[in-house]
Amino acid sequence: MAAQPRLDPQEQQLKVVNRLLALEEAKDRLLPFLQLTMPDSKDPDDATKTKYIVTPQARLLCEIMEKVDRGELKRVAVSIGPQMGKSQIISRAAPAWSQGRNPFLNQILGSYNQDFANEFGFEVRNIMESPTYSQVFPGAELMKGGAAKDLLITKQGGKMAFVGVGGSGTGKPADRFVVDDPTRNAEDANSETFREKVWSWFNGVVFWRCHDGTAIVVVHTRWHQDDLIGRLCDPTHPERKGRFKGLERRWHYFNLPAVVED
């Protein structure tokens with residue numbers, strides 16, 4: 001493999017300065033943090049380069065999660081199409097970033113099954129054990145000696161639990177509860193039995209793990225008008241005046257289109 005060309009001292013110093021600036025910015029803003037943790041493989045030391053492709057949807061998702069982290073949003077629902085990078089932000093970068101900002105934070109992330117939730121746990125762990133993360137948040141470290149994917153614990157005692165729909169979450173407190181894709185696909189969404197399972201889990205597990213200050217974020221693709229977001233906050237839901245009456249007034253609902261021109 002060809003050797004990398006040597007930088008002159010001025011270029012090297014500029015790289016160092018750019019990295020220090022990027023590290024400071026990543027402490028306070030989610031999108032720069034995400035970009036910094038996904039460096040350009042050809043030049044990983046250059047903080048001005050990243051392999052993460054920023055989209056308008058990504059900017060909005062990062063702004064939403066920043067407001068959740070600051071306590072400005074408490075009940076958030078986001079509908080967005082598949083393969084648009086929502087999980088990279090909502091379920092991978094954001095939990096790690098928030099835990100770095102507050103190592104005492106207790107978070108729970110729920111998804112459609114335990115295996116998928118474990119994948120999120122594995123990826124969050126990888127971010128938090130990376131050298132870049134320790135540079136951004138030197139005071140936030142995970143407890144050593146375990147390789148668990150479903151429960152990560154910081155040295156300060158903050159916990160991040162990853163559970164599947166139907167999982168109990170018993171003994172796991174939540175200052176923040178994120179539900180990412182509780183329904184796997186359109187087939188599950190078209191099943192009334194599965195929709196009721198998700199609804200029962202949400203009411204019987206999510207709220208039982210929360211307290212008055214807990215922020216709840218629900219994000220998924222809208223496969224059916226009677227899905228979780230539909231029941232929580234879609235004003236056009238056919239039972240809005242029935243058993244779901246008034247729920248929509250408690251939620252901030254963001255419907256992100258696949259194409260954003262502005």
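Just so it is clear, the structure is predicted and the values come from calculations on it, not from any experiment.
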Closest heavy-atom pair, Ile127 versus Ala96, reported as atoms and distance to 0.1 Å, is CG2-CB, 3.8 Å
Please list all pairs passing the salt bridge (Lys or Arg N to Asp or Glu O under 4.0 Å) test where one or both residues lie in residues 93-108, with sequence neighbours left out. Asp28-Arg101, Asp69-Arg101
Is there a donor-acceptor contact under 3.5 Å from the side chain of Trp251 to the main chain of Asp234? no
Can you name the salt bridge (Lys or Arg N to Asp or Glu O under 4.0 Å) partners of Glu72, sequence neighbours left out? Arg70
Pairing donors with acceptors under 3.5 angstrom, does anything connect the side chains of Tyr253 and Ser79? yes
Once rounded to the nearest 0.5 Å, what's the spacing between atom CG of Asn113 and atom CG of Asn118? 8.5 Å
Please walk me through it: do Gln107 and Val124 pass side-chain contact (heavy atoms from CB on, under 4.5 Å)? CA-CA 12 Å; Gln107 303 185 70; Val124 171; over 6 Å; no
Using 30° and 60° as the class limits, which term best fits the ring planes of Phe137 and Phe33: parallel, tilted or perpendicular? tilted
Before you tell me yes or no, could you show the steps for Phe202 and Leu228 under side-chain contact (heavy atoms from CB on, under 4.5 Å), namely the whole-Å CA-CA distance, both residues' side-chain angles and the distance that decides it to 0.1 Å? CA-CA 9 Å; Phe202 184 81; Leu228 183 56; 4.0 Å; yes
Distance alone, cut at 3.5 Å: any donor-acceptor contact between the side chains of Asn18 and Thr48? no
The test is side-chain hydrogen bond (donor to acceptor under 3.5 Å, both in side chains); show your working for Asp180 and Ser87 and say whether it passes. CA-CA 7 Å; Asp180 183 355; Ser87 294; 2.7 Å; yes
Side-chain contact, heavy-atom cut-off 4.5 Å: Trp201 with Val179? yes
Quick check: closest heavy atoms across Thr214 and Ala174, and the distance to 0.1 Å? OG1-O, 2.6 Å
Consider only side-chain heavy atoms of I, L, V, M, F, W and Y, link residues closer than 4.5 Å, and tell whether Val68 and Ile90 are in one cluster. yes
Taking the side chain as everything from C-beta on, heavy atoms only, tell me whether Glu129 gets closer than 4.5 Å to Leu142. yes
Can you confirm whether His252 is buried at NE2, in the sense that more than 12 heavy atoms of other residues, nucleotides or ligands lie under 6.0 Å from that atom? no
I'd like to check the side chain to side chain contact (heavy atoms under 4.5 Å, CB included) partners of Phe122; sequence neighbours left out, ordered by chain and number. Asn126, Lys149
Answer yes or no: is there a donor N or O on one side and an acceptor on the other, between the side chain of Thr50 and the main chain of Tyr52, under 3.5 Å? yes
Between Gln135 (side chain) and Leu23 (backbone), is there a donor-acceptor pair under 3.5 Å? no
Could you check whether any side-chain N or O of Ser134 sits under 3.5 Å from a backbone N or O of Pro131, counting only pairs where one atom can act as donor and the other as acceptor? yes
May I ask you to check whether over 12 heavy atoms, not counting those of Lys67, lie within 6.0 Å of atom NZ? no
Applying the 4.5 Å side-chain criterion to the ILVMFWY set and letting contacts propagate, would Trp223 and Phe254 be lumped into a single cluster? no
Could you tell me whether the side chain of Asn185 and the main chain of Asp188 form a donor-acceptor pair under 3.5 Å? yes
Please assess Leu256 against Leu61 for the test side-chain contact (heavy atoms from CB on, under 4.5 Å), listing each intermediate value before the final yes or no. CA-CA 9 Å; Leu256 276 62; Leu61 287 174; 4.1 Å; yes
If I compare all heavy atoms of Ser111 with all of Phe116, which pair ends up nearest, and what's the gap? OG-CD2, 2.9 Å
Kindly write out the residues that satisfy side chain to side chain contact (heavy atoms under 4.5 Å, CB included) with Asn106, not counting sequence neighbours, or none if the list is empty. Lys159, Pro173, Asp175
With no hydrogens and no angle check, is any side-chain donor or acceptor of Lys86 less than 3.5 Å from a backbone partner on Gln57? no
Looking at every non-hydrogen atom in both residues, tell me the closest pair between Ala117 and Phe162 and how far apart they are. O-CB, 3.4 Å
Closest heavy-atom contact between Met65 and Ala94? CE-CB, 4.1 Å
Tell me which one of Arg176, Arg125, Gln99 satisfies side chain to side chain contact (heavy atoms under 4.5 Å, CB included) with Met160. Gln99
Give a yes or no on whether Leu109 and Ile80 share a hydrophobic cluster (residues Ile, Leu, Val, Met, Phe, Trp, Tyr; joining criterion: side-chain heavy atoms under 4.5 Å apart). yes
Would you please name every residue forming a salt bridge (Lys or Arg N to Asp or Glu O under 4.0 Å) with Arg231, sequence neighbours left out? Glu196, Asp226
Within the structure provided, determine whether Phe194 and Glu187 are in side-chain contact (heavy-atom separation under 4.5 Å). no
Stepwise side-chain contact (heavy atoms from CB on, under 4.5 Å) test for Asp45 and Arg19: CA-CA 8 Å; Asp45 294 327; Arg19 185 162 188 84; 5.7 Å; no
In a table with atom names and distances, give each donor-acceptor pair under 3.5 Å that connects a side chain of residues 151-158 to protein atoms at least two apart or in another chain.
from: Thr154; atom 1: OG1; to: Pro103; atom 2: O; distance (Å): 2.7
from: Thr154; atom 1: OG1; to: Gln156; atom 2: N; distance (Å): 3.4
from: Thr154; atom 1: OG1; to: Gly157; atom 2: N; distance (Å): 3.3
from: Thr154; atom 1: OG1; to: Gly158; atom 2: N; distance (Å): 2.9
from: Lys155; atom 1: NZ; to: Glu141; atom 2: OE1; distance (Å): 3.3
from: Gln156; atom 1: NE2; to: Gly139; atom 2: O; distance (Å): 2.6

Using only atom types and a distance under 3.5 Å, with no angle test, would you say the side chain of Thr37 pairs donor to acceptor with the backbone of Leu34? yes
Only one of Val206, Leu73, Val178, Ile108 passes side chain to side chain contact (heavy atoms under 4.5 Å, CB included) with Ile216; say which it is. Val206
Can you check whether His220 reaches Val198 side chain to side chain, under 4.5 Å on heavy atoms? no
Distance-minimising heavy-atom pair for Ala47 and Leu36: CB-CD1, 4.0 Å
Heavy-atom side-chain proximity of Ser41 to Lys51 below 4.5 angstrom: no
Could you please spell out the steps behind the salt bridge (Lys or Arg N to Asp or Glu O under 4.0 Å) verdict for Asp227 and Arg222? CA-CA 7 Å; Asp227 55 21; Arg222 296 294 312 276; 2.7 Å; yes
